[in-house]
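Below is one structure; the comments refer to it alone.
Quick note on labels: first sequence line is chain A, next is B, and so on, each numbered from 1. Quick note: numbers below take in every heavy atom, side chains included, and nothing from hydrogens, waters or symmetry partners. Please read all numbers here as calculations on a predicted model, not as lab measurements.
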2 protein chains.
Amino acid sequence: MLNQSEPLDRVFHALADPTRRALLERLSLGSTSVSELARPLPMSLPAVLQHIQVLETAGLVRSAKVGRTRSCALQAEALRQADGWIQARRREWEARLDRLGDYLETLNGGNSDGQSE
Amino acid sequence: MLNQSEPLDRVFHALADPTRRALLERLSLGSTSVSELARPLPMSLPAVLQHIQVLETAGLVRSAKVGRTRSCALQAEALRQADGWIQARRREWEARLDRLGDYLETLNGGNSDGQSE
DNA sequence: GGATTGGTTAAGCATCTGCCTAACTATCCG
DNA sequence: CGGATAGTTAGGCAGATGCTTAACCAATCC
């Protein structure tokens with residue numbers, strides 16, 4: 001993709017990085033500052049800033065500056081979107097996998113009569 | 001990240017692309033072949049192949065060759081991992097957001113006494 | 001057997017990512 | 001005021017990504 005314009009793109013992309021997931025895990029324990037977030041991480045402050053910006057653009061984090069420190073907090077809404085997509089898929093295909101035929105069908109050559117409903 | 005070694009990295013990365021999500025949505029209707037998957041997409045067959053390989057590496061799709069066609073099917077397990085991570089986060093922070101103090105705390109400067117438990 | 005259909009491999013390219021360092025601004029402390 | 005602390009901006013670089021075209025292999029089909 002040249003640029004990830006869709007919200008889901010941004011959310012999943014944000015979640016695809018272990019550093020960013022670590023940030024979210026830390027934030028799920030409570031709001032905190034940028035340098036506090038950066039402390040345990042093996043990288044420079046600017047790098048952490050960039051990760052936070054990615055999270056913020058994805059709508060996973062909101063932040064506000066108070067005095068000279070920036071406080072970051074989680075925002076649940078974006079997660080719900082990602083969750084919603086996954087849930088929809090899980091429902092669809094777990095239902096389907098329950099129908100025994102699908103696996104056999106796969107072994108047999110697939111799309112012969114794949115979508116029997 | 002230089003390479004995404006962890007499973008969650010691979011799964012979320014795979015989900016971050018709209019083409020790949022479209023493939024999964026199509027596959028959630030039933031197993032099918034590579035060229036069938038490629039037909040509605042505005043890109044070359046090799047490009048679709050690469051997307052499928054990404055999905056397969058992430059454990060979201062399994063495929064097998066039968067005759068000269070390759071049949072692709074969904075695999076639910078990897079999704080459950082991604083889902084699991086999201087659920088854990090949601091539980092943590094939605095519980096937290098229920099505690100009214102957190103939002104105020106954020107507006108007030110954050111990590112002052114952030115993790116009150 | 002030769003053309004077709006379905007897939008695969010290889011090479012190349014523009015762009016994006018994640019990181020760094022250096023330099024700069026904006027508080028807050030004494 | 002002067003120094004320390006917290007964050008921000010800018011520029012740059014190595015490696016990953018998403019795509020393309022061209023060439024190639026392998027089952028079918030006639």
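- The nearest whole Å value for the distance from the CG atom in A:L37 to the P atom in D:dA6 is 13 Å.
- The residue A:A47 sits close only to the backbone: its heavy atoms come under 4.0 Å of sugar-phosphate atoms, none of a base.
- In this structure, the side chain of A:R21 engages the main chain of A:L15 through a donor-acceptor pair within 3.5 Å.
- Taking the nucleotide of DNA chain C with the nearest heavy atom to each of A:P46 and B:V34, the more 5' of the two is matched to B:V34.
- The shortest non-hydrogen separation linking B:A58 to B:V11 is O-CG2, 3.5 Å.
- Put simply, CD on A:E56 is 13 Å from C1' on D:dG7, counting in whole angstrom units.
- Between the side chain of A:R20 and the main chain of A:H13, a donor-acceptor pair closer than 3.5 Å is present.
- Minimum interatomic distance between B:S28 and B:L74 (heavy atoms only, all atoms of both residues): CA-CD1, 3.1 Å.
- Side-chain nitrogen and oxygen atoms of B:R70 include none within less than 4.0 Å of the OP1 or OP2 phosphate oxygen of C:dG6.
- Atom-to-atom, CG of B:L45 to C1' of D:dA23 comes out at 15 Å; the value is rounded to the nearest Å.
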What do the steps show when you test B:R10 against B:L60 for side-chain contact (heavy atoms from CB on, under 4.5 Å), and what is the final call?
CA-CA 10 Å; B:R10 287 194 294 264; B:L60 290 162; over 6 Å; no
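- Rounded to an integer number of Å, the gap from CD of B:E36 to P of C:dG6 is 10 Å.
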Short N/O separations, protein against nucleotides 27-30 of chain C, under 3.5 angstrom:
residue : atom : partner : partner atom : Å
C:dT27  : O2   : A:R68   : NH1          : 2.8

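- With C:dA11, D:dT8, C:dT8 as the choices, the nucleotide that has an atom nearest any side-chain atom of B:Q50 turns out to be C:dA11.
- Between B:T32 and B:L27, the closest side-chain pair of non-hydrogen atoms falls below 4.5 Å.
- One finds a side-chain N or O of B:S44 lying less than 4.0 angstrom from the OP1 or OP2 phosphate oxygen of D:dT20.
- Between A:P42 and B:L49, the residue anchored closer to the 5' end of DNA chain C is B:L49, taking for each the nucleotide with the nearest heavy atom.
- The distance between atom CG of A:D9 and atom P of D:dG18, rounded to the nearest whole Å, is 11 Å.
- Atom NE2 in B:H13 sits roughly 10 Å away from atom P in C:dG18 (whole-Å rounding).
- B:S35 comes within 4.0 angstrom of the backbone, heavy atoms only, and of no base.
- As rounded to whole Å, 12 Å separates atom P of C:dG18 from atom CG of A:L15.
- For the pair A:Q75 and A:E56, the minimum side-chain heavy-atom distance is 4.5 Å or more.
- Counting to the nearest Å, the P atom of D:dA14 and the CE atom of A:M43 are 19 Å from each other.
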